[in-house]
Amino acid sequence: QSRGLGDVYKRQPLMSAVKPRAIRGMNDILPEVSGTWRHLETVVRDIVQSYGYEEIRLPLLEHTELFKRSIGEVTDIVEKEMYTFADRNGESLTLRPEATASVVRAGITNGMLHNQRQKLWTSGPMFRYEKPQKGRYRQFYQFDVEALGFDGPDVDAELIIMCARMWRALGLSRLELEINSLGTAESRARYREKLVEYFSSVKSRLDEDSIRRLEQNPLRILDSKNPDMQEIVAAAPVMIDFLDEESAEHFQALKALLDAAGVAYTVNPRLVRGLDYYSRTVFEWVTDALGSQGAVCSGGRYDGLVEKLGGRPTPAIGWAMGIERLVALYEACGGEPPPTDADLYVVAVGDRTLEAAIAIAEKLRDDVAGIRVELNLGGGSFKSQLKRADKSNAEYALILGEKEIADGRAGLKPLRSAEDQTSVAFEELPARL
């Protein structure tokens with residue numbers, strides 16, 4: 001006790017610090033790939049906005065009841081995958097597992113839907129507690145587009161054609177479009193009766209999830225991912241045979257518009273989507289380039305959702321695209337990340353050069369559109385700074401010493417060619433670069 005804690009610490013080895021780690025399924029997007037993300041997001045955003053869609057930014061947290069009412073309580077998302085907790089007031093809150101319900105909630109909350117039409121887009125992280133694997137994460141990013149107040153097949157076609165334009169702009173060729181119609185609530189009720197009848201006849205072969213859904217929502221059985229269920233699902237009645245006349249006409253008109261626009265598609269009568277709010281048109285853009293995670297962009301109509309959440313009856317349609325899968329597909333198709341290296345590296349040698357170097361670098365950023373200028377930081381000898389310039393992969397080094405400052409001229413040294421270094425007056429640098 002008399003020695004004190006200092007002596008004890010000298011004799012005892014300190015415990016090694018435990019390194020912090022990311023939460024499983026929630027990944028860091030590092031600089032070597034974030035440039036590709038930014039490039040793809042910019043292309044998608046610009047195309048969406050060229051069709052007249054405007055950005056809306058939404059909270060990450062919503063009341064849990066919003067997703068139970070919209071997505072459906074008998075879905076994998078609500079039953080198994082949502083990050084839900086009680087806050088300090090005892091309210092049940094959920095990290096958003098998808099964006100459509102939040103867009104609709106925002107429209108109702110802010111009076112954006114009554115006698116109005118809205119074309120909106122949003123993007124950001126979503127959260128689902130799934131088994132992490134390639135292309136499927138617990139925090140994942142989506143780009144989401146919604147058109148509210150539009151009831152004709154023309155907007156369905158526009159949203160699909162918009163996607164086709166994105167694929168062309170990004171040079172993506174390994175994508176195919178699948179479409180289907182789920183009809184109205186009334187036609188689905190008739191179809192539901194047939195499904196119950198069919199699945200009841202093979203009940204002994206159904207898995208546990210399918211048996212539970214048989215009475216609650218048999219359409220969800222069609223969305224089963226269990227390989228042992230696929231043969232049973234394939235033999236089930238198809239929705240398209242039970243469409244009401246208006247939905248059938250809507251679907252025919254959509255196909256005609258896609259044909260006219262030259263957008264190829266396949267009618268997939270088993271395509272039902274995993275959320276309860278869909279009606280009439282549903283679609284998926286799928287690829288064979290990403291293994292089992294083949295759906296890159298999915299969407300459809302949800303004409304009853306606004307009313308279900310407390311608003312006035314409002315037709316609506318939208319799609320969501322997984323950014324991780326878009327990045328993976330872009331890379332699989334040979335897409336290159338955009339350049340991120342500096343164009344010019346400013347070497348400043350001497351005690352009185354840094355102030356002038358900062359001023360010159362700022363002037364070049366003002367006067368030369370899009371130029372990427374990296375200024376040497378932390379001092380160093382001429383040789384060490386030139387090594388940093390070369391390591392930066394810049395095209396040129398701009399060399400400033402005390403003599404150059406006094407003469408009003410800089411050395412411009414090519415770093416990626418054998419050309420000679422030249423001397424350029426400060427005022428001529430923008431034009432020269």
Side-chain angles (χ1 to χ4, degrees), residues 36-55 99-100 103 119-123 135 141-148 150-182 240 250-273 278 280-290 293-302 315-336 338:
T36 299
W37 279 60
R38 186 169 58 253
H39 168 61
L40 300 185
E41 289 168 336
T42 298
V43 171
V44 171
R45 180 201 64 210
D46 289 349
I47 289 176
V48 166
Q49 292 186 160
S50 76
Y51 282 77
Y53 289 74
E54 298 179 296
E55 183 181 15
T100 299
V103 171
K119 299 170 80 175
L120 305 169
W121 70 269
T122 191
S123 65
Y141 291 79
Q142 279 189 346
F143 198 101
D144 187 85
V145 177
E146 311 289 351
L148 301 107
F150 301 84
D151 60 2
D154 49 0
V155 70
D156 304 27
E158 178 181 83
L159 285 169
I160 292 172
I161 293 167
M162 178 197 298
C163 293
R165 178 173 293 278
M166 291 175 195
W167 314 145
R168 291 195 301 271
L170 294 170
L172 304 180
S173 57
R174 297 176 66 177
L175 280 159
E176 295 183 356
L177 172 64
E178 296 182 353
I179 63 174
N180 192 23
S181 178
L182 302 181
I240 208 162
H250 186 107
F251 194 51
Q252 286 299 120
L254 169 62
K255 291 190 290 183
L257 290 170
L258 295 177
D259 290 338
V263 177
Y265 59 85
T266 300
V267 176
N268 178 0
R270 302 295 176 192
L271 180 61
V272 296
R273 307 288 295 118
Y278 283 113
R280 289 194 177 169
T281 302
V282 289
F283 62 90
E284 281 190 350
W285 288 93
V286 297
T287 180
D288 62 357
L290 302 179
Q293 306 304 322
V296 176
C297 178
S298 308
R301 281 203 158 269
Y302 48 96
I317 184 174
W319 55 253
M321 177 165 54
I323 303 299
E324 286 91 347
R325 295 187 192 179
L326 182 65
V327 170
L329 180 60
Y330 180 75
E331 293 172 344
C333 291
E336 295 288 339

Problem - For the student: nearest non-hydrogen atoms of Glu146 and Gly318, plus distance - result: OE1-CA, 3.2 Å
Practice task
Give me the ring orientation class for Trp121 and Phe143: parallel if the planes are under 30° apart, tilted from 30 to 60°, perpendicular past 60°.
Solution key: parallel
Exercise for the section: Verify the neighbour count for atom CD of Glu176: are there more than 12 heavy atoms of other residues, nucleotides or ligands below 6.0 Å? Expected result: no
Practice task
State the CH2-CD distance between Trp285 and Glu178, to the nearest 0.5 angstrom.
Solution key: 11.0 Å
Practice task
Flag the pair Val267 / Lys255 as yes when at least one side-chain heavy-atom distance between them is below 4.5 Å, and no otherwise.
Solution key: yes
Handout entry: Contact list for residues 37-54, test salt bridge (charged side-chain N to carboxylate O under 4.0 Å, His left out), sequence neighbours left out
Key = none
Practice task
Drop me the distance from Phe251's CZ to Leu182's CG, to the nearest 0.5 angstrom.
Solution key: 9.5 Å
Problem - Residue pair Tyr53 / Ala147: nearest heavy atoms and the distance that separates them - result: OH-CB, 3.9 Å
Practice task
Decide yes or no for Met166 and Val48: does some side-chain heavy atom of the first lie under 4.5 Å from some side-chain heavy atom of the second?
Solution key: yes
Handout entry: Side chain to side chain, Tyr265 and Val263, heavy atoms closer than 4.5 Å
Key = no
Exercise for the section: Please tell me if the side chains of Val155 and Arg301 come closer than 4.5 Å, counting only heavy atoms from C-beta onward. Expected result: yes
Handout entry: Closest approach of Gly300 to Phe283 (non-hydrogen atoms, all atoms of both residues)
Key = N-CE2, 3.8 Å
Completion exercise
Those residues at least two apart in sequence (or on a different chain) that pass side-chain contact (heavy atoms from CB on, under 4.5 Å) with Arg174 are Thr287, Asp288, Ala289, Cys333
Exercise for the section: Heavy atoms only: give me the nearest Gln142-Ala320 pair and the separation to one decimal. Expected result: OE1-CB, 3.7 Å
Handout entry: Single hit among Leu40, Val296, Leu329 for side chain to side chain contact (heavy atoms under 4.5 Å, CB included) with Leu172
Key = Leu329
Fill in the blank from the handout: Here the gap from Leu326 atom CG to Tyr141 atom OH, rounded to the nearest 0.5 Å, amounts to 15.0 Å
Exercise for the section: Answer yes or no: is there a donor N or O on one side and an acceptor on the other, between the side chain of Arg325 and the main chain of Ala295, under 3.5 Å? Expected result: yes
Problem - Beyond-backbone contact of Asp156 with His250, side-chain heavy atoms, under 4.5 angstrom - result: yes
Practice task
Drop me the distance from Tyr330's OH to Trp37's CH2, to the nearest 0.5 angstrom.
Solution key: 14.5 Å
Problem - Within-4.5 Å side-chain heavy-atom neighbours: Thr281 and Ile179 - result: no
Practice task
Could you tell me whether a side-chain N or O of Asn180 sits under 3.5 Å from a main-chain N or O of Leu271, the two making a donor and an acceptor?
Solution key: yes
Practice task
Using a 4.5 Å cut-off on heavy atoms from C-beta on, say whether the side chain of Tyr278 contacts that of Ser298.
Solution key: no
Problem - Polar side-chain atom of Lys119 near backbone of Tyr51 as donor-acceptor pair, under 3.5 Å - result: yes
Handout entry: Interatomic distance, Ser123 atom OG to Met321 atom CE [nearest 0.5 angstrom]
Key = 10.0 Å
Problem - Ile160 CD1 to Leu177 CG distance, which is reported to the nearest 0.5 Å - result: 5.5 Å
Practice task
Would you check, one step at a time, whether the test side-chain contact (heavy atoms from CB on, under 4.5 Å) holds for Met162 with Leu159?
Solution key: CA-CA 5 Å; Met162 178 197 298; Leu159 285 169; 4.0 Å; yes
